[in-house]
Amino acid sequence: MHSRIPLPEDRPWRVLGLMSGTSADGVDVVAVEVDPVAFPDGRPLRALLGHQAAPYPETLKTEVLAAASNRLDPAGLCILQRRLGDHHARAAADLCAALNLQPDLASLHGQTVQHHPTEGATLQLADPYVLAEALGCPVVWDLRRRDLALGGQGAPLVPLPERWLRGAEPWLALNLGGIANLAYWDGARLQAWDTGPGMSLLDLAARRWLGLAFDPGGRTASGDVHPELLERWLDHSYFHQAPPKSTGREVFGEAWLIAEAGVLEAIPLADRLATLAAFSAEAVARETARLAPLARGLRGLVSGGGAHHERLRSELASRLRLPLEADTAFPSGAREAVSWALLGAASALGLPGNLPEVTGARRPAVLGSWVWP
């Protein structure tokens, strides 16, 4: 296969993937080796060359959360884009220096601060020009909006690279990031969508009531679940929508927690966090029930920050029939960045990066815009 842009034709490509998820805690950068001629066979990844996690400084994370909560004016958003661009560029350059690697291209997700699929709009902040200058290679970015222009949700996009990474046997992959999402391959058909909150509300609760960025291991979520709160929360309109669908912090974020703070503060702290963990788990369970019956011999895999939250994992185990095992194929935090690197390589080849049956778009499309060094 031939690239649409000047890239090596006599060797595999060295591709960077940069992912900042809905947990809004930093950027994961990976360097991967991709065989461009292997895309038709569905196994283009040759090797993970390196991974680096670059957490946001507290001031930057505070600004990201403010942007997601409609508390930044246009000037603030403008400056935040540059600050995020600088952070991403430093992280990518540091990884390349550590590996003594010159990348052939980089695929930049950016930090989602707004996502409104019913309005056909989404906003990921980072500066691809800063990244191109730092790396000296082409950068593809803004990969979601083409799908939205075609009537899709713009998400989830990682299920297609999940197929390239996981092979032909049936699997169900649950990613417990800020927003939880599932992808299910039954051997013939791929289905995927956001299930609702993952760690977003739990992490915001930890910031509000523990003064911490997160509750380590979910240790404070040791109390009782309050079923009356759970049932009311699960009556949210999002859970009545059929896929394709996606959501974000605009729905299950700071505004949601502020609205519920009064009733939550009337119960013990351990109960608050336990009930929020049960909310995320029950949302996953109810959305997973849409997939019934599941394929026989199905392997269940879990990744993301929520995979380390013991109470959330316990609640999932009690509500799902399918056992979940930790996804250890890549270092923690690296998997979605690997997927984004593969989507960038697909864009360079002129290959579609969306699945209309997953996002609801009218047709498959090549994703992203390119910036040249």
Side-chain angles (χ1 to χ4, degrees), residues 21-25 61 65 68-69 115 172 174-182 193-241 245-290 300 302-324 326:
T22 51
S23 57
D25 54 8
K61 180 169 184 174
L65 293 176
S69 302
H115 184 64
L172 187 148
L174 175 63
N175 176 41
L176 297 173
I179 297 299
N181 59 73
L182 61 83
W193 63 89
D194 291 344
T195 65
M199 291 300 296
S200 59
L201 300 176
L202 283 161
D203 288 348
L204 287 166
R207 288 172 70 90
R208 184 182 183 96
W209 292 307
L210 299 177
L212 301 173
F214 61 94
D215 178 16
R219 290 192 294 268
T220 311
S222 57
D224 296 326
V225 173
H226 288 243
E228 71 284 358
L229 291 180
L230 202 58
E231 287 304 315
R232 180 166 61 81
W233 296 343
L234 287 161
D235 195 39
H236 191 283
S237 60
Y238 184 75
F239 305 115
H240 296 289
Q241 297 175 32
K245 61 179 180 176
S246 60
T247 189
R249 285 180 175 270
E250 305 74 32
V251 179
F252 299 110
E254 187 176 57
W256 187 98
L257 191 66
I258 290 172
E260 296 294 327
V263 293
L264 284 166
E265 288 171 352
I267 63 178
L269 176 58
D271 291 7
R272 295 174 217 168
L273 295 175
T275 305
L276 288 170
F279 180 31
S280 292
E282 182 62 20
V284 168
R286 294 192 183 192
E287 292 297 319
T288 303
R290 296 178 185 270
V302 62
S303 61
H308 307 291
H309 192 287
E310 293 181 7
R311 182 59 182 260
L312 178 51
R313 290 292 301 274
S314 173
E315 293 289 339
L316 282 168
S318 69
R319 297 166 192 275
L320 287 175
R321 291 185 178 182
L322 177 68
L324 296 174

### Task
Begin with the C-alpha distance, continue with both residues' side-chain angles, and end with the deciding distance and a verdict on side chain to side chain contact (heavy atoms under 4.5 Å, CB included) for Leu176 and Leu316.
CA-CA 11 Å; Leu176 297 173; Leu316 282 168; 3.8 Å; yes

### Query
Got a sec, which pairs hit salt bridge (charged side-chain N to carboxylate O under 4.0 Å, His left out) with one end in residues 219-231, sequence neighbours left out?
Glu231-Arg286

### Query
Should Thr288 and Arg319 count as side-chain neighbours, where that means a heavy-atom distance under 4.5 Å?
no

### Query
Between His115 and Thr247, is a side chain to side chain contact (heavy atoms under 4.5 Å, CB included) present by the stated rule, with each step listed?
CA-CA 7 Å; His115 184 64; Thr247 189; over 6 Å; no

### Message
Please give me the minimum heavy-atom distance between Val302 and Ala307, naming the atom from each residue.
### Response
CG2-CB, 4.2 Å

#### Entry: Under-4.0 Å salt bridge between Arg207 and Glu254
no

### Query
Are side-chain heavy atoms of Ser200 and Arg249 found at a separation under 4.5 Å?
yes

#### Entry: CG on Leu273 to CG on Leu201, rounded to 0.5 Å
11.0 Å

### Heavy-atom pair of closest approach, residues Ala221 and Ala274
CB-N, 3.8 Å

### Query
To the nearest 0.5 Å, what is the distance between CZ (Phe279) and CZ (Arg232)?
10.0 Å

### Query
Which residues satisfy the ring pair (Phe, Tyr, Trp, His ring centres under 6.0 Å) test with His236, sequence neighbours excluded?
Phe252

### Query
With no hydrogens and no angle check, is any side-chain donor or acceptor of Ser280 less than 3.5 Å from a backbone partner on Ala277?
no

### Message
Between Glu310 and Arg313, does any side-chain N to carboxylate O distance fall below 4.0 Å?
### Response
no

### Contact summary for Thr195 and Ala283, nearest pair of heavy atoms
O-CB, 3.7 Å

### Message
Counting C-beta onward and ignoring hydrogens, is there a side-chain heavy-atom pair between Trp209 and Glu265 closer than 4.5 Å?
### Response
yes

## Note on the structure
Smallest heavy-atom separation, Ala261 atom then Arg208 atom, equals CB-NH2, 3.6 Å

### Query
What distance do Arg272 atom CZ and Leu257 atom CG have between them, rounded to the nearest 0.5 Å?
10.0 Å

## Note on the structure
In terms of heavy-atom contacts, Arg290 and Phe239 come closest through NH2-O, 3.1 Å

### Task
Decide yes or no on side chain to side chain contact (heavy atoms under 4.5 Å, CB included) for Leu229 and Leu264, but give the supporting numbers first.
CA-CA 9 Å; Leu229 291 180; Leu264 284 166; 4.3 Å; yes

### Message
Nearest 0.5 angstrom please: Thr22 OG1 to Asn175 CG, how far?
### Response
7.5 Å

### Query
Can you tell if the side chain of Trp233 reaches within under 4.5 Å of the side chain of Glu282, non-hydrogen atoms only?
no

### Message
For a 4.5 angstrom cut-off between non-hydrogen side-chain atoms, does Asp215 reach Leu210?
### Response
yes

### Task
May I have the step-by-step check of side chain to side chain contact (heavy atoms under 4.5 Å, CB included) for Arg311 and Val225, ending in yes or no?
CA-CA 11 Å; Arg311 182 59 182 260; Val225 173; 3.5 Å; yes

### Query
To the nearest 0.5 Å, how far apart are CG in Asp203 and NZ in Lys61?
6.0 Å

### Query
Atom OH of Tyr238 and atom NZ of Lys245: how far apart are they, to the nearest 0.5 Å?
5.0 Å

